[in-house]
Structure formats: structure tokens, C-alpha cells
Colleague: 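Sharing a structure with you now.
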Number of protein chains: 6
Amino acid sequence: MNKVTVSRKAHFNAAHRLYRKDWSDAKNEEIFDKCSNPYYHGHNYELIVSVSGDIDPETGYVMDMKFLKDLIKVHIEDAFDHKNLNEQVPEFATRIPTAENMAVVIWDKLRPHITTAYELSVTLYETPRNFVQFSGPN
Amino acid sequence: MNKVTVSRKAHFNAAHRLYRKDWSDAKNEEIFDKCSNPYYHGHNYELIVSVSGDIDPETGYVMDMKFLKDLIKVHIEDAFDHKNLNEQVPEFATRIPTAENMAVVIWDKLRPHITTAYELSVTLYETPRNFVQFSGPN
Amino acid sequence: MNKVTVSRKAHFNAAHRLYRKDWSDAKNEEIFDKCSNPYYHGHNYELIVSVSGDIDPETGYVMDMKFLKDLIKVHIEDAFDHKNLNEQVPEFATRIPTAENMAVVIWDKLRPHITTAYELSVTLYETPRNFVQFSGPN
Amino acid sequence: MNKVTVSRKAHFNAAHRLYRKDWSDAKNEEIFDKCSNPYYHGHNYELIVSVSGDIDPETGYVMDMKFLKDLIKVHIEDAFDHKNLNEQVPEFATRIPTAENMAVVIWDKLRPHITTAYELSVTLYETPRNFVQFSGPN
Amino acid sequence: MNKVTVSRKAHFNAAHRLYRKDWSDAKNEEIFDKCSNPYYHGHNYELIVSVSGDIDPETGYVMDMKFLKDLIKVHIEDAFDHKNLNEQVPEFATRIPTAENMAVVIWDKLRPHITTAYELSVTLYETPRNFVQFSGPN
Amino acid sequence: MNKVTVSRKAHFNAAHRLYRKDWSDAKNEEIFDKCSNPYYHGHNYELIVSVSGDIDPETGYVMDMKFLKDLIKVHIEDAFDHKNLNEQVPEFATRIPTAENMAVVIWDKLRPHITTAYELSVTLYETPRNFVQFSGPN
């Protein structure tokens, strides 16, 4: 069989702040530095969602890219774009919105909508110089 | 004379919100749509500062790029990076932080530190798909 | 007044062929080389539409980027995307779809929808290494 | 041993159409949407060919990049560039030229020219937002 | 008439060193800092050559891109690529190879081969963050 | 556990030459072609350092990006940037500075400073079209 990985890039921008309510301001600033700014800062996030599976011999597709594009639109872009992650995205009410945690949350939100015939991997650029990748729990 | 334009790219990220205090929430949302989100959103801003002038025949430089890099660091990056533009940057206390207004503010902040022998132009990418350019008042 | 240029990037892909019906195949191949392939070839075109005008002091916008985005969508993307330029785009029935002619056609299609208070410029990337710019007839 | 992956980027552009002759036009449009346009559309394809192997202690090379560059030129660029994939590339006479099938065809065309001491992987960008990767049959 | 600017990107890499023989080592280091390293350093230079002129109504071209590509190959890439600019490129025997001077030299080398019906502009990226532009003497 | 790969991009430029002292000039030129130029040439190297490990549930970080950024600064950028690799970097006194060997050297220099709880991988772009990846000895 010919297993191919297909990837789709998407984009959203959001405000966030890295801090723990159970830490003092001084401790938050020591650990998270200027990322703990109480007035928030923000990013243009570039997201790559990659799905691996066998090519369907009838269509030549692993997965219709339009299906993947729409999935990202509904579950990620509509939920995160132009939002304050700490205040307006429920998954980050109790989890710090680091790029690492965001990649896990995005993976968790997409996984139920993609059948187990496919592997799923998520790459998230927080800035052009910092990015993370998550391929599921081990 | 050989007039050359030299350009330096820089980067900062920030949170912002587009709205007018003297407008209703409905009016703000009508005009600024999701950019008026009261909880803020944010961007990775890419900045290009361009300076035009004659080549100094002694050094072969129009301007030492290190001087330009440091100027951007002190006057723009230190002032804007990881900040909430509306709440923490005085220039936007009474001016809406659109990309257009930001380009003018950046130009105004840099201009006094560059002698009149040089022309100055500022290009600001708010997202990879939206950008603005300002070359001074006309 | 503060005149600023705002730019919006868009994308479409299309097939085309460079040839003149009134030339022999040999002449077409001599002038247009492999671009004259009778079975067509194609490109991912990257388009930048730039509009220059004064900042509206009330909104801080030169032009609402959403208006510009929608204008490009309706008049350019819907007309060109996934099309054969020679066979399916009326403007190229009698005009060779070179990047140069395409930039002029795009400018001509957008100009009537943007008031004369604004200047308009179009940049079109045919490949990452070849691009053209048109700012109106002189 | 020090196993390193070396990669080389290449570029070609081509026209194609996604459809099955044994399907009705309606069925083709339902499955392949505007990609089934009977007049074709096209793309600038960006290709990355990656070869993994041990560093030759004498030269410090895994493989001479010039050898890899020439291989891609002869077997892929000369065969695909400025072509109509459906009509002019024999491998797609009976196989739909989706990005997935193209990656497999490219891998199949290159594999015989690279000794089994090396692993081979192919990444193909159909657009800046859609790309696929194939590393051989499993 | 429809005046269009057509641009072609090219690439070369080279070693260089910024220094003046008539200055002491200390003075060279004060002015050119680590760029004056006597053992040289180097760059991947990205070059954009832009030519402005009227569209030829017969071909739809301002200039055949292949002509421009070949011109850059013969006069710039063959002369500069994989060279030590100070030691192996005659134009820099007595001129410091700053990006500014390089842009002027490239312009001077190309200008005689492009008729006066066209304007010529040269953009040179020394790094992804530093670039210069020269459009001819004023 | 949620194992995530975090990556940081960095940049340095340097001069180098590919050749073996124990080979004749003719043999060096046969194998390394213009890369063996005795006067050196150079590149802008883009470096991506990737570290894989479990998310720290307290901070939401796999590793503080600032720690990784500083590590690259001290051990790689300060050692390689604006240097002649053959003449001024001890690791290449007896090893040819190919991209492959450079990736191994960079990995070897960083590995002692990153605990064994993390996997380490190094990607090095010599030019935008040529790059290599090394993930440790096998």
C-alpha cells in the first residue's frame, strides 16, 4: 500500500498571556518573562495539520483537502481566530496557552472527526522562529 | 551621485483592539467586526524600515545597518514588543492601532533620529496577507 | 495628510498557453518556447493589490481590508481560479495571457470599483522567481 | 555511524485535471469540484527530494547535491515541466494526477537511480497551503 | 501606453570582507566590526532585477524573461557565484563590497545590455533581514 | 504523556571551502567543483534546532524557548557567525565543512547542554534549496 501524508496550512491570530493564577506576579514574571504581561500580547499563528493514510485507489486522494480545510475552519479557526485564548477559549480556562499546550488542544479537537484509519499530526508556528509539533499521546 | 535605499527587517508581537470609545459596541462591531473584540487579539508584526541616501564613498555604506537595527530596537521593539498597544503604548491612547496608524506612529518615532539627508519609509505586515507602507506626510 | 499604501495578497491557480493564432506553430515555439505548449501548462499565481490614499481620521483605515479582500474575491478569484485563461476568461480571447497582460486586465477589472480618491497598483507573481507590476496607463 | 538526510528543492509547473473517464461529468464534479474543469487548471509545484544515508568520511557528503539536482532535472523536471500531466505524461494516462499520486510517481521514477544504501522521501507542494509526502510503499 | 515592471529573481553565494587597506586593523574593526574579519565570511545573495517598459502588443511581453534570466546568468552569476568578491571580482579590487556598492556594480554591469527604452532597478538581499535597492545614478 | 517537539530557528553566515589537503587541486576540483575555490565562498546558514520531550504540566513548556535560543547563541552563533569555518572554527581543522559535517558538529556541540530527557535534532539550510538533517548517531 502507498501511505502518504497530506498537509494543509491554516492561519489564525489571537491574544494570550502565559501565567498561573496560583503563582505570584513575581514568580510568573520570573518564569514567563514578558509573556506574562497582564495586558496580553498576541501572535499570527500558522497551523499545519497533517494526516497520513493510504491513497484511495478510486480517487487518488488520501483525504479530500476540502474536508480537511473545512474541519480546521470549523473546529480551530472559528474557535481561536481573533480571540483572547485565556479569556474566551474554554480549553485554556485552566491550561496555560503555551504553543505546546495549544498543539495538544488542537490535536484533541480534531482527532474525533478523523477516522482511526488516519494518523494525525499538528505543527503550530507561534512566530516565524518558534514552532512546535504534536503527533498524539504516547 | 549614487542614491541607494537600504532596508532592515524587524519583528515584534503585540495585542490590540480596534474600537472607538465614543461609539457604541454595535457600531464598533459593525465597522471593525471581530477586530473590535473587547478581550483583544494579536499579531506577529513584521516591520521593514527603509532609508534612502547617497553612498558614503569612504565606507561604501548609505548607513551602518547596525545603527538602523539598534534604532529600531530601542524606539520600536522595546516600546511595542509583547505589549497591549491600546493599554500600554501612549501613542495609541487616543489613536486606533490600525496598521495604517501604526506605520505613521513608527515613522514619527524614527524620523527625529535620522538626519534629513535621508528619506525614510516604513512597511508594516500585520499578517502575511495584509501590509501597509508609509513614507511621510505629503 | 498621511497618505498610506495598503496591500492585500490573494491567490489563484490557472492553466494558460502563450501563442498567437495568426502565427505558425514554429513561430509560436520560437517566440514562446515551451510556454506555447498546445496542451497548456499552469501556475499558482500570487496577487498583491495595493491601494494608496489618506487615512480616514475616524476609523484609522485607508480602506477596510475586508472590502478589498471581497473585491479581489468577486472580480479576480472567482473569474480566474481553476480556469483555463485562454479558453474560459473572455479578456484573453484575443489577448495573450502573459503575466504583463494579466496584470493590466486585473487592474482594469478592479479600477471601476475603487473611487478615484485612491491610486491602484497590481503585482502578480507567475512563479516565485518571475513577477510583474502595473500601476495604470501612462 | 552518522546518518544524515540531505534534501534538494526543485520546481516545475504544469496543467492538470482531476477526473475519471468512467465517471459522469456530474460525478466528477461532485467528487473533484472545480479541479475537474475539462479545460484544465495548473500549479507551480515545489518539490523536495530527501535522501538519507551515512556520511562518506572521505568527502563529508551523504550524496553529491549536484548528482541529486541532475537526477531531478532529467527524470522529473524534463518530464513534467510546462506539460499537461493528463495528456503528456504517460504515468498519468490511467492514473489521476492528484498530488498524492504525483508523489508516488516521482518516488517510483527516482528510486531506481539511487542505490539501496539510501532511503528516499518525496515532498510535493501543489500550492503553498497544500502538500504531500511519500517515503515508499509499506 | 501600458508601462509594466517585470522582475526576475536570481541567486548567488560569495565570500567577502569589508575593510580598507589604507585603514589600520583597529579602525577597520571599529567601523566594520565582525564584517572586517580578515579570514572573510559569506552570504547567499538573493538578487531581483527589475525592468520597466511598455508591453509589446505583438507578444504581450515587456521583455522575454528568458533574455533577462540569461543576462543575469552571464554577467552576474558567472562573475560572482562561489567567488571571493574582494580577491576574485575585479570591480571590488578598489571598491568595498558592501551591499550598496554591489547593487551599483550589478546595475552598471547590466545597464549596457538593456536598451534605453527600459528603466532598470536592482534589489539585493545580503541576508533575509538586510537588503538594498539601486535604480541608477541621479 | 504528551511528547511535543519544539523548534527554534537561528541564523549565521560564514565563509568556507570544501577540499582535502591530501588531495591534489585537480582532484579537489573534480570532486568539489567550484565549492573548492581556494579563495573561499560563503553562505547565510539557517539553523533549526528541535528538541522533543514531555510537556511540563506546571509550565506548559517542553523547554523554555529562551533557554534554547541562548544555547544556540552561545555555542553556535558566537562560534560560527561571520567566521571562516576552515580557518577559524577548530572542529573543521581536520573535517571538511560540508553541510552534513556541520549538522553533526552542531549536534555534538549542543547535546551535552541538553539533558537526556530530550531528543535532539538539527536541520541546517546551506542555501534555500539545499538542506540537511541530523538526529544523532545510530
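Throughout, a chain's letter reflects where its sequence line sits, starting with A, and its residues are numbered from 1. Since this is a predicted model, take the numbers as computed values, not measurements.
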Colleague: Using 0.5 Å steps for rounding, measure from the OH atom of C/Tyr61 to the CZ atom of C/Phe67.
Modeller: 13.5 Å

Colleague: Find the one option among D/Pro128, D/Pro38, D/Ala14 whose heavy-atom pairs under 4.5 Å with chain C are most numerous.
Modeller: D/Ala14

Colleague: Which region of D/His16, side chain (C-beta onward) or backbone (N, CA, C, O), has a non-hydrogen atom less than 4.5 Å from a non-hydrogen atom of chain C, or is it both or neither?
Modeller: neither

Colleague: Does the D/Asp81 side chain pair with the main chain of D/Phe12, one donor and one acceptor, at a distance under 3.5 Å?
Modeller: no

Colleague: Can you tell which of C/Ile96, C/Leu47, C/Ile76, C/Leu124 makes a side chain to side chain contact (heavy atoms under 4.5 Å, CB included) with C/Met102?
Modeller: C/Leu124

Colleague: Quick check on the interface: out of D/Glu46, D/His43, D/Glu87, who has the most heavy-atom pairs with chain C under 4.5 Å?
Modeller: D/His43

Colleague: Measuring from atom CD1 of D/Ile114 to atom CE of D/Met63, what distance do you get when rounded to the nearest 0.5 angstrom?
Modeller: 5.0 Å

Colleague: Give the member of D/Arg129, D/Lys83, D/Arg17, D/Glu126 that has the highest number of heavy-atom pairs under 4.5 Å with chain C.
Modeller: D/Lys83

